[in-house]
Each structure stands twice: as structure tokens, then as C-alpha cells.
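Written out below as C-alpha cells is the structure these notes cover.
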Amino acid sequence: MKRGRKEIRKKGAVECSFCGYVAADASFNFCPVCGFNLSEYEGDEGVYSIERIRYLWERRNGGKLVYDNFRSVRDSGVYPHIKSKPIRPQLGDFGHVHLSNLMFFAPLHYSPKLASELYLISKLEGYYNVESGLRALKWGSLISAAQKGGMFWRFFESRKIKETFTEGWRSCGGGILSITKVDKRKKGVFFELRESDVSMLPATKKPACVMDGGVLAGSVEALFDGFWDCDEVACARDGKPACVFRVYRHETEDKPSFYMPKEEEVQRILDSIFDDVTSRRRLRKVVDDYVYLMVPQCDNYFWLSSSPGHTILSKHLGAVCGRQIAEKAGVKGVDLALDYIKDLFLFLKAGVITDIKKPDSERILIHMDESVYAAGVADINMKLCVFLAGIIEGILNAAGGNYEVTEKNCLAKGDEDCVFIAKKRKIVR
Ligand SMILES: [Zn+2]
Ligand SMILES: [Zn+2]
Ligand SMILES: [Zn+2]
């Protein structure tokens, strides 16, 4: 992927866009706290820091990339209407909400500032999902007629459109969505969402269902020109009957402001997810606890492709999650841990562990098929299952092992299956 860019020399203090550390001197190229690249670049889309999701760039070029290479993205507009062969014959084409929620809240625990990055990722997801749906439903002419007339409200008042939105969210496992109000004057559309993927988690001080808001904003933006963003007016996690989102139009690309949950709030949410994972409790009453593969696959791909630092962080966060899950479940001993991982991955629909080999006392090779992140992905020369490698490492080590786990082969690298290798760490004295 070629991205035209020119580095800019900065003056004065520089703030790390990742962890928020302020370096007094602009000569810092890397953040001394988290190691992220602090350089800023000037490209086609204006000035950006290399670690930020270049939203506009991704919206234009990334869409084609994921559409061409991810079957789940191509199918996302089609599968509610046409029965096609599943991407994963054994596990089916849905992953557990716990896995998506861990991927979202674990980074927030590291740095609440990442909320805006995660919002952009979900916005892209909403954008591509609708784009792919439009192609499948051949609605191009309908949309361009509505766009030309500039009458977005008529569009959202149509019963067919309302039903399509509701059905799209239901079939993806996103919850029960309805369009409740269209504000012509202020160019806003109101959505109500019940039983969302995060609706059963502990409340935060202010509404913070950032991912669902992002998907909605992206979906509307794919239909109409201009920039659309979203704020959450009420949240089901506060005991309200539903989350209420307002998606509104504005003229320039600006960043919506979110409530950034505090560290202890995020920890409470993560603890509740770990409890639910270990007790295997069903969360939602009406909607299943599973979301369509496109969601975890896009979340994961956009995260990992942002920068090498994101890959390192993903592995680390996976290990933190794995450790806490194993401690809560009381897993002891490496062999039991391997059994536990196998069961856990089936429950989360993360993948099917088909074979575990111990070529010698130093190494364990774990073969996995039907990866939640890489199934149905063409050879894009990436190893996409680093978060799962982290979970494996965390569980093995909490159970008494001392391993470093990496993904050696991946479906998304053109390999036959995903292979994790756990190597005993050597302490050099
Ligand atoms: Zn930093
Ligand atoms: Zn909410
Ligand atoms: Zn993989």
C-alpha cells in the first residue's frame, strides 16, 4: 500500500497521540513512555500522525481492499438475503460478543484516548457494510436519487429503509435497532438500540457505546454526502430502556467528543466480561450472544494495520486478558491449560484447535482452523491472530508455564491453517 507522505518538522512540545504523554522537546521521534512514532506527516489528506487511523484514506481506499480480500465483508450485504455456503463449516460465521468486547475495552484500559480511534474503526465498518449491502441489493440508483434531491429525511422516513436498517442489525447480531425520529432542520437521525453487544455491561458515568455509535455514523455516511457523526443521548447501561443515538451531518471532518471511561470503570467492565467468559453465562435475552464475522474481522484488521505498535499492543492485551481469565477459572498446569484454551476457543467461536504437538520439552505447536479473524480472508501477507496468541500465552503462563507465544502461520498469509508456537522463555543470567 503506497501512501504519499512527507514528514513535517515540528516545533515546541509534542503530545503522544497514543498515550497522551507530552514530550517537551519536538526532537523526540518516538514517545519515551509507549514507544510510538511521534512524527507527523503531510499527505493527500492533510497533516496526520502515522499512528492515527487515516479515516478519509481508509474510507476511500481501504474499502476496496477489505471488499476484495475479506469474504465476510463481501457477504455482509448478501447473507441475510441469499443462503450461501458458510465461511466456517464447523463454527459458523459468527463470533462471540465477549471477544469483540475484550478487543474494545482492553485497549481502553491501556489508554482511554484510544476511544476515538476505535470509533473511527467502527465507522469504517458501518461504511463498508452499507456499501457492500448497496452493491448486493442494487440500490445505487435509489440512493443517488435521494442524494441529488438532498432530502435525506424522506429516505429515513421510508418504511422499507427503516426495515432494512432493523433487519441489517438483527442479522449481524448487533441488537434491536429502530429509526425513531428524523430532524430535518438540524439534519439529524435518531436511532434506538436495544440489546446491543455491550448493553449488559456495567454502566459508565456517561454514555460510552462508542462502537455502536461509530457503526451508525458510518452507515449513514455511506448513503449521503458530507460527514456524519454520532453522539449517544441515552444509554441502556444506565438502566434506560434503550441506547439512543443521534447521527448528525456536518461540513468538515471533525472529531466528535466522547466520554472517555476512567480506568476503574474500564476495569469493572473487563472484570464483568471475565466473569461472563468463565461462567459461560448467556447475556442477551432476545438476541444471541454472537456477532457476524465481519465485525471482529474488520475491528482486528484495521487495528493491526494501523502500525506495528498496534500489533505489539494487541499481543500484550491478549496476554493480559488470558491471564485474568485463567486466574478466575483457576486453571492449573500446562496440559490442563491447553485443554481449557481448546474449549474456550470453541465457546468464543475464536477457532478450532485441531492439533497440539510438543516436538521437544521447549516448544508447543498449536494448530488452529476457522480463525475468527482470518477465515475467508485472501492471502494479504498478514498474521491476523496475534490477539489469540496473546490469550494463549496469558492462560499458559497463569497456569504455571513460562512461554512466549507467537503466530507462525496464518490463513491470511496463505497458509493452510493458523499455527501458534509457544516457546519456553529462557532467562539469561
Ligand atoms: Zn506514548
Ligand atoms: Zn449505550
Ligand atoms: Zn491466523
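All figures in this text were calculated on a predicted structure; none of them were measured in a lab. For ligands, and for the atoms within them, numbers begin at 1 and follow the listed sequence.
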Item to complete: Decide whether H109 and E265 meet the rule of one side-chain donor and one side-chain acceptor closer than 3.5 Å.
Response: no
Worksheet item: Do the side-chain N and O atoms of Q297 and Y292 include a donor-acceptor pair separated by under 3.5 angstrom?
Response: no
Worksheet item: Strictly under 6.0 Å, is that where the ring centroids of Y301 and F70 end up?
Response: yes
Worksheet item: Near the Zn ion (ligand 2), is there an N/O/S atom from E232 that is less than 2.8 Å away?
Response: yes
Item to complete: Give a yes/no verdict on a cation-pi contact between R280 and F347, requiring under 6.0 Å between NZ or CZ and the six-membered ring centre and an angle within 45° of the axis.
Response: yes
Worksheet item: Quick one: angle C209 SG - the Zn ion (ligand 2) - C243 SG, to the nearest 10°?
Response: 120°
Fill in: Minimum-distance atom from the Zn ion (ligand 3) among N, O or S atoms of E407
OE2
Worksheet item: At the Zn ion (ligand 3), what angle lies between atom SG of C385 and atom SG of C418, rounded to 10 degrees?
Response: 110°
